[in-house]
Amino acid sequence: MQSVLWRACFAVVAMVAGRAAAQQLPPVNYDEDKVPAYELPDPLRCADGSPVRTAKDWFQKRRPEILALFRREVYGKAPGKPTRMRFEVMERSDNALDGLAIRKQVRLIFDARFPDRAMEILLYLPRAAEQPVPVFLALNFRGNHSIHPDPAIRITTSWMRPRRDGTVRGNRATERGRGAARSRWPVEFVLRRGYGIVTAYYGDIDPDFDDGFRNGVHGIFGPPPDRRPPDAWGSISAWAWGLSRIMDYLETDRSVDSKRVALLGHSRLGKTALWAGAQDERFALVISNNSGCGGAALSRRRFGETVARINRAFPHWFCANFKKYNENEAALPVDQHMLIALIAPRPVYVASAVEDRWADPYGEFLALKHADPVWRLLGGTGLLMRRWPPLDTPILGHLGYHVRSGKHDVTWYDWAQYLDFADKHFAHSDVRPMPR
Ligand code: GTR
């Protein structure tokens with residue numbers, strides 16, 4: 001009897017050890033002393049070794065080079081603007097939220113041949129505004145109806161991750177989810193500051209699971225799942241592409257000032273906001289909230305989540321080429337400071353949360369710091385602090401930063417800083433596009 005038990009124990013131990021060996025990932029590092037020595041690629045030196053000395057060198061040579069590297073090696077290449085895209089206004093009220101707002105719900109059909117694959121955009125605009133208003137644009141995780149209890153918000157019918165709290169049943173959102181994410185969306189607060197809020201459910205663009213790229217916009221625009229090149233777009237690229245399509249809509253809406261769109265994203269959607277802002281220069285200001293690995297945090301530090309861990313947990317987020325850098329970050333031709341640099345000279349705000357060690361808060365600050373020379377080259381103020389600032393002490397230059405106390409989340413504190421940052425830049429004329 002005893003020997004049977006021993007054998008069973010041995011088998012379990014062997015199975016666990018075997019699995020660990022197959023994964024071959026070192027333990028997650030949260031110790032600053034164990035961050036490996038690394039050398040970052042220089043954003044201001046071209047692949048051929050020539051230095052970037054002028055705005056022209058940056059815009060005509062180095063920026064396109066870096067953009068191409070991120071497309072090929074990290075996120076994958078997305079198609080352009082679809083030719084058969086259509087917008088339909090589904091609902092509108094000039095007296096929403098007790099008279100504070102105009103509400104619009106617009107259905108964006110990516111391709112008229114696939115009328116069922118559509119994204120619903122929800123807009124709240126301050127009713128008191130007499131001119132086109134600046135807006136905050138951010139995708140949401142749980143459906144448009146989750147951002148506010150307003151009963152008029154349409155509930156998405158797109159796939160949603162199951163949840164035990166009754167807000168999703170059988171992969172479909174339910175009425176119970178109405179307002180469920182409101183702590184992250186201070187709608188009235190933003191409207192009273194004179195900004196609109198624009199949102200859409202990220203799963204309307206591409207459902208967030210690995211289905212071999214059949215559903216969502218990958219299924220419409222290809223490439224076919226069995227013929228995907230290693231630089232084909234992953235889900236982050238798809239969501240970023242969706243943000244550009246929302247911008248296409250905003251450019252047609254005369255109540256919105258499309259030259260003053262602040263793009264915001266949290267976590268995986270923070271990675272997405274940075275990538276969208278890097279590619280699409282129509283976004284005037286970009287905010288990354290706790291975006292971490294593959295977002296604002298430097299990959300080479302291997303602190304918290306690493307390239308290998310993110311690729312294993314979310315094989316559909318990045319392009320296939322990115323897997324070459326699992327446990328091999330030094331071979332990356334870029335690091336995430338260069339993603340931020342692609343947004344220059346437009347203002348960028350990176351926000352960390354000190355307890356969010358998985359996202360490497362200090363690594364997020366360092367990426368911003370190493371992006372700073374590009375703002376300085378282009379005549380911006382850059383980052384106004386060389387050292388990691390104390391907790392809850394925002395820095396507001398052309399580059400904004402804070403490390404908030406608390407956890408991985410979007411809070412009113414975060415929003416309050418973003419509103420101040422947007423006020424500062426949207427009210428001043430010093431954020432005009434640089435000469436080319
Ligand atoms: C985590 C992931 C992070 C971050 C986060 C989120 O599981 O490891 O990179 O994106 O999800 O988006 O909530």
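Both ligands and their constituent atoms are indexed starting at 1 by order of listing.
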Original post:
So, Y325 versus E73: side-chain donor-acceptor pair below 3.5 Å or not?
Top reply: yes

**OP:** Flag W358 as yes when one of its N or O atoms lies below 3.5 Å from any N or O atom of ligand 1, and as no otherwise.
**Re:** yes

Original post:
Looking only at heavy atoms of H266, does any of them come nearer than 4.0 Å to an atom of ligand 1?
Top reply: no

Original post:
Do any nitrogen or oxygen atoms of W317 lie less than 3.5 angstrom from nitrogen or oxygen atoms of ligand 1?
Top reply: no

Original post:
Taking the side chain as C-beta and beyond, is there a heavy-atom pair between E305 and D360 under 4.5 Å?
Top reply: no

**OP:** Please say whether the positively charged group of R404, taken as NZ for Lys or CZ for Arg, lies over the ring of Y413, i.e. under 6.0 angstrom from the six-membered ring centre and within 45 degrees of the axis.
**Re:** no

Subject >> Residue and atom name of the nearest protein heavy atom (relative to atom 6 (C) of ligand 1), distance in Å to one decimal >> reply: S267 OG, 2.5 Å

**OP:** For the residue pair D372 and H337, confirm or rule out a side-chain donor-acceptor distance under 3.5 Å.
**Re:** no

Subject >> E39 atom CD, neighbour heavy-atom count above 12 within 6.0 Å >> reply: no

Original post:
Does one side chain, of D409 or T411, offer a donor that lies under 3.5 Å from an acceptor on the other?
Top reply: no

**OP:** Mark up the atoms of ligand 1 that fall under 4.0 Å of a heavy atom belonging to K271, in ascending order.
**Re:** 3 (C), 4 (C), 9 (O), 10 (O)

Original post:
Under a 4.0 Å heavy-atom limit, does I310 contact ligand 1 with its side chain, its backbone, both, or neither?
Top reply: side chain

Subject >> Protein heavy-atom partner closest to atom 12 (O) of ligand 1 - residue, atom, separation in Å >> reply: R268 NE, 2.5 Å

Subject >> Nearest protein heavy atom with distance in Å, relative to atom 7 (O) of ligand 1 >> reply: F314 CZ, 3.4 Å

Subject >> For atom 3 (C) of ligand 1, the protein heavy atom that lies nearest, with its residue and separation >> reply: E305 OE1, 3.2 Å

Original post:
With only distance considered, is S291 within less than 3.5 Å of ligand 1 through an N or O on each side?
Top reply: no

Original post:
So among R103, R178, E188, which one has a side chain to side chain contact (heavy atoms under 4.5 Å, CB included) with H148?
Top reply: E188

